[in-house]
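Down below is the structure, laid out as C-alpha cells.
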Amino acid sequence: MEKETQKSFVRSLSLLDATLLVTGSMIGSGIFIVSADIARNVGSAGYLLLVWFASGLLTLFAALSYGELAGMMPNAGGQYVYIREAYNKFTAFLYGWTVFTVIQTGVIAAVAMAFATFTAQLFPFFDKTNVLFSIGTYSFSTTQLLAIASIFFLTYINSKGISYGKLIQMVFTSAKLIALFGLIALGFFIGFNTDILSLNSIDFWEATQTTNSADVWSTTPLSGVSLLSALGVAMIGSLFSSDAWNNVTFISAEIKDPAKNLPRSLFLGTTIVTIIYILVNIVYLGIIPVKGVADGADVMSRGLQFATNDRVGTAVAEILLGSSASVVMAILIMMSTFGCNNGLILSGARVYYAMANDGLFFKNAGKLNSNGVPSNALYWQAVWASVLCLSGSYGALLDYTILAALAFYIITISGIFILRKKQPNTPRPYKAIGYPIIPIVYCVVAFLICINLIICKPENALPCLAIVFAGIPVYFLYKKYNN
C-alpha cells in the first residue's frame with residue numbers, strides 16, 4: 001500500500017457525475033437474469049411487471065427520504081454517518097461491518113465474477129473449466145483470476161484520484177445506457193409485431209408459483225396470503241437489482257454543491273433505472289412467453305421461467321439478433337458489470353475511511369493519499385472482495401445481503417424522525433418529500449418484506465443475522481484496543 005499524505009477530499013463531481021454513479025452502480029447483471037426467478041414465483045406478466053414496479057417505487061421512496069439526510073450531512077461515509085448521528089457509533093459500526101463483510105465486498109466479488117464469466121464467452125481461456133491448480137477439493141480457475149484482476153485494476157485506477165474513477169464511470173455507464181435503450185427500441189419494434197404480448201396478456205393476473213422438488217417441477221395457483229408471500233419473495237431479485245443507489249452518499253465529500261446535487265442525483269438515478277427496468281421487462285414479454293417447460297427444446301418453449309441459466313436477456317437477444325446474440329449480450333454485460341463495479345469500488349472505500357476516523361477500522365484506512373483519495377481503504381476492500389472470489393462463498397453471501405440492506409435502510413430512514421427531534425436547528429437544504437407518509441410507508445413495507453424473508457427463507461435470513469451480530473464482539477475489541 002502506498003505512502004499516505006493527509007489531504008482533503010476534492011469536490012469535483014457534478015450532478016451528471018453523481019447521477020451516472022447512481023445509475024451505473026445500480027445496473028449490473030441482475031436485469032438480464034432475475035426475471036426468470038420472478039416469473040417462476042408469480043407466473044404471470046401482470047405480477048412480473050408489478051414486482052419490478054413495486055421494487056422501483058420502494059427504491060424511489062427510500063431515495064427521496066435519503067435526500068434530507070444527504071443534504072444535512074454531506075460528509076464522506078454517507079449512510080454510516082447518518083446512522084452514527086441519529087443513533088450511536090455502535091449501530092453505525094454494525095452497519096459498516098456488514099458493508100465490509102457482505103453488502104459491498106460481496107456484491108463487488110459477484111459482479112467481478114459475472115464480468116469474468118461473460119468475458120469467457122469471447123475469450124474461452126477465462127472459462128471456469130480452465131483450472132489453474134487444485135488443492136484437494138478446492139480449485140482455482142482463470143475465471144477467478146480475471147475477476148480478482150479486474151477488482152485490483154479498478155482499485156488501482158481509483159487510487160490515482162477521483163477524476164480517473166469519474167471518467168471510467170462516465171464512459172461505461174453512458175455506453176450501457178445507450179446499449180440498453182437501443183435494445184429496448186429494437187425490442188419494441190419487433191415485439192409489437194408478434195402475438196407473444198397478446199399471449200402473455202391472456203392470463204395477465206393469474207398468479208402461479210412453479211417450484212422444484214426432487215427434480216420434478218410443479219405449479220400451484222396463488223391467491224390471498226400465499227400470493228402476498230410469493231410477491232415478497234419475488235421482490236428479492238428485483239430489489240437486489242435496484243440496490244446500490246445509496247452508494248452516491250458515500251462520496252458526499254467529493255460532490256459539488258452536495259446539498260442540492262445529492263438529493264437530485266438520488267431522485268434522477270433511481271427514476272431512470274426504474275423506467276429502464278420496466279421497459280426491458282415489457283420487451284421480454286413482447287418477445288417470449290412467461291410460462292415454459294424446464295426441458296424445452298428452444299427459447300420459446302422454455303419461456304421466461306426456464307431461460308437457460310436464467311439468462312433471460314440472452315434468450316431475448318437470440319430472437320432479436322440471431323446468431324450474434326451471445327456475443328452482443330456478452331459485450332453488453334461486460335460493459336455493465338465493469339462500470340457497476342467501478343462505482344461500487346469507488347464509493348465503498350469512503351465508508352471504511354469514515355469508520356477508521358472513528359477508531360472503528362484499520363487506522364491507515366482513515367488517511368488520504370497524495371491524490372486525495374483513501375487508497376488504503378480501497379485496497380482493504382479489494383483484498384476482502386478477492387478473498388470472497390477465492391472462497392467461492394460470494395454467491396451464498398449475496399443471498400444474505402438483501403435482508404441486511406433492507407434492515408439498515410429501515411434504520412437509516414427512521415433516523416429522519418430521530419434527527420428532526422435531536423437536531424431541530426441543523427440546516428436542511430432539502431426536506432424529505434411526502435414526510436412523514438413516504439418514509440413511514442417505506443419502513444413498513446420493507447419491514448414486512450424482511451419478516452416474509454425470515455419466514456419463507458430462513459436458510460438465508462439466519463446467516464445474515466449471524467453476520468451482523470458477529471460485529472458486536474469486533475466492536476468491543478476495537479473499543480478496547482483504542483482505549
Side-chain angles (χ1 to χ4, degrees), residues 26-45 47-49 51-52 55 106-107 109-121 127-128 143 180 183 187 196 200 208-213 215-219 230-231 233-243 276-278 280-285 287-321 325-326 328-330 332-334 336-337 340 392 394-402 457 460:
M26 289 175 73
I27 304 173
S29 59
I31 183 58
F32 307 109
I33 297 171
V34 301
S35 288
D37 185 64
I38 295 172
R40 289 192 294 271
N41 273 294
V42 297
S44 77
Y47 285 110
L48 173 75
L49 292 177
V51 166
W52 282 103
S55 297
V107 175
V111 172
M113 288 296 291
F115 168 77
T117 299
F118 281 92
T119 301
Q121 292 189 19
D127 192 89
K128 64 182 179 181
T143 305
L180 276 168
L183 190 66
I196 301 299
N200 283 326
T208 60
Q209 189 171 50
T210 302
T211 54
N212 186 301
S213 178
D215 291 327
V216 176
W217 290 93
S218 59
T219 300
L231 288 170
V233 171
M235 285 179 69
I236 296 173
S238 53
L239 283 171
F240 185 80
S241 300
S242 301
D243 202 17
I276 288 173
Y277 282 179
I278 292 173
V280 167
N281 277 278
I282 291 173
V283 168
Y284 291 165
L285 295 173
I287 302 297
I288 57 177
V290 172
K291 293 183 172 62
V293 290
D295 55 355
D298 56 23
V299 170
M300 299 300 285
S301 58
R302 288 190 293 272
L304 274 173
Q305 292 179 327
F306 296 103
T308 304
N309 296 323
D310 282 358
R311 293 179 182 175
V312 178
T314 302
V316 170
E318 205 174 302
I319 296 172
L320 293 176
L321 305 171
S326 59
V328 172
M329 286 305 298
L332 175 55
I333 294 176
M334 284 169 62
S336 183
T337 50
C340 175
Y394 59 88
L397 288 171
L398 275 181
D399 290 336
Y400 312 149
T401 61
I402 196 62
K457 290 201 170 186
N460 291 345

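In this text, all values refer to a predicted model and were calculated from it rather than measured experimentally. Side-chain atoms are counted along with the backbone in the values below, which use heavy atoms only and exclude waters and symmetry mates.
Two residues are said to be in side-chain contact when any heavy atoms from C-beta on lie closer than 4.5 Å; Y284 and I196 fail this criterion. In this structure the side chain of Y47 never reaches within 4.5 angstrom of the side chain of N41, judged on heavy atoms. Counting heavy atoms from C-beta on, the side chains of Q209 and V42 never come closer than 4.5 Å.
The distance from atom CG of N200 to atom CG of L304, rounded to the nearest 0.5 Å, is 7.0 Å. For the atom pair CZ (F118) and CE (M329), the distance works out to 7.0 Å, reported to the nearest 0.5 Å. Interatomic distance, I276 CD1 to L183 CG, rounded to the nearest 0.5 Å: 11.5 Å. Of the inter-residue distances, the one linking W217 atom CH2 with T210 atom OG1 reads 7.5 Å to the nearest 0.5 angstrom. Rounding to the nearest 0.5 angstrom, the gap separating the CD1 atom in I333 from the OG1 atom in T117 is 10.0 Å. Interatomic distance, K128 NZ to M113 CE, rounded to the nearest 0.5 Å: 8.5 Å.
The two residues T337 and S29 come nearest to each other via the heavy atoms CG2-CB, 4.0 Å. The two residues G187 and V283 make their nearest non-hydrogen contact at CA-CG1, 3.6 Å. Here the closest heavy-atom approach between residue Q121 and residue A330 is recorded as OE1-CB, 3.8 Å.
Within the 3.5 Å criterion, the main-chain N or O of A297 finds a donor-acceptor partner in the side chain of S301. The closest donor-acceptor contact from the side chain of K291 to the backbone of Q305 lies at 3.5 Å or more, if one exists at all.
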- Task: Could you please spell out the steps behind the side chain to side chain contact (heavy atoms under 4.5 Å, CB included) verdict for V293 and R302?
- Result: CA-CA 5 Å; V293 290; R302 288 190 293 272; 5.8 Å; no

- Item | I27 and L180: CA distance, side-chain angles, deciding distance, side chain to side chain contact (heavy atoms under 4.5 Å, CB included) verdict | CA-CA 10 Å; I27 304 173; L180 276 168; 4.0 Å; yes

- Please lay out, stage by stage, how V34 and W52 fare under the test side chain to side chain contact (heavy atoms under 4.5 Å, CB included). CA-CA 10 Å; V34 301; W52 282 103; 3.4 Å; yes

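Counting only N and O atoms by type, the side chains of S35 and N281 include a donor and acceptor under 3.5 Å apart.
Screening S238, S241, S242 for a side chain to side chain donor-acceptor pair (under 3.5 Å) with S55, the sole residue that qualifies is S238.
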Distance-only check: which donor-acceptor pairs under 3.5 Å involve side-chain atoms of residues 310-319, not counting sequence neighbours?
unit_1: D310; atom_1: OD1; unit_2: R40; atom_2: NH1; d: 3.0
unit_1: D310; atom_1: OD2; unit_2: R40; atom_2: NH2; d: 3.1

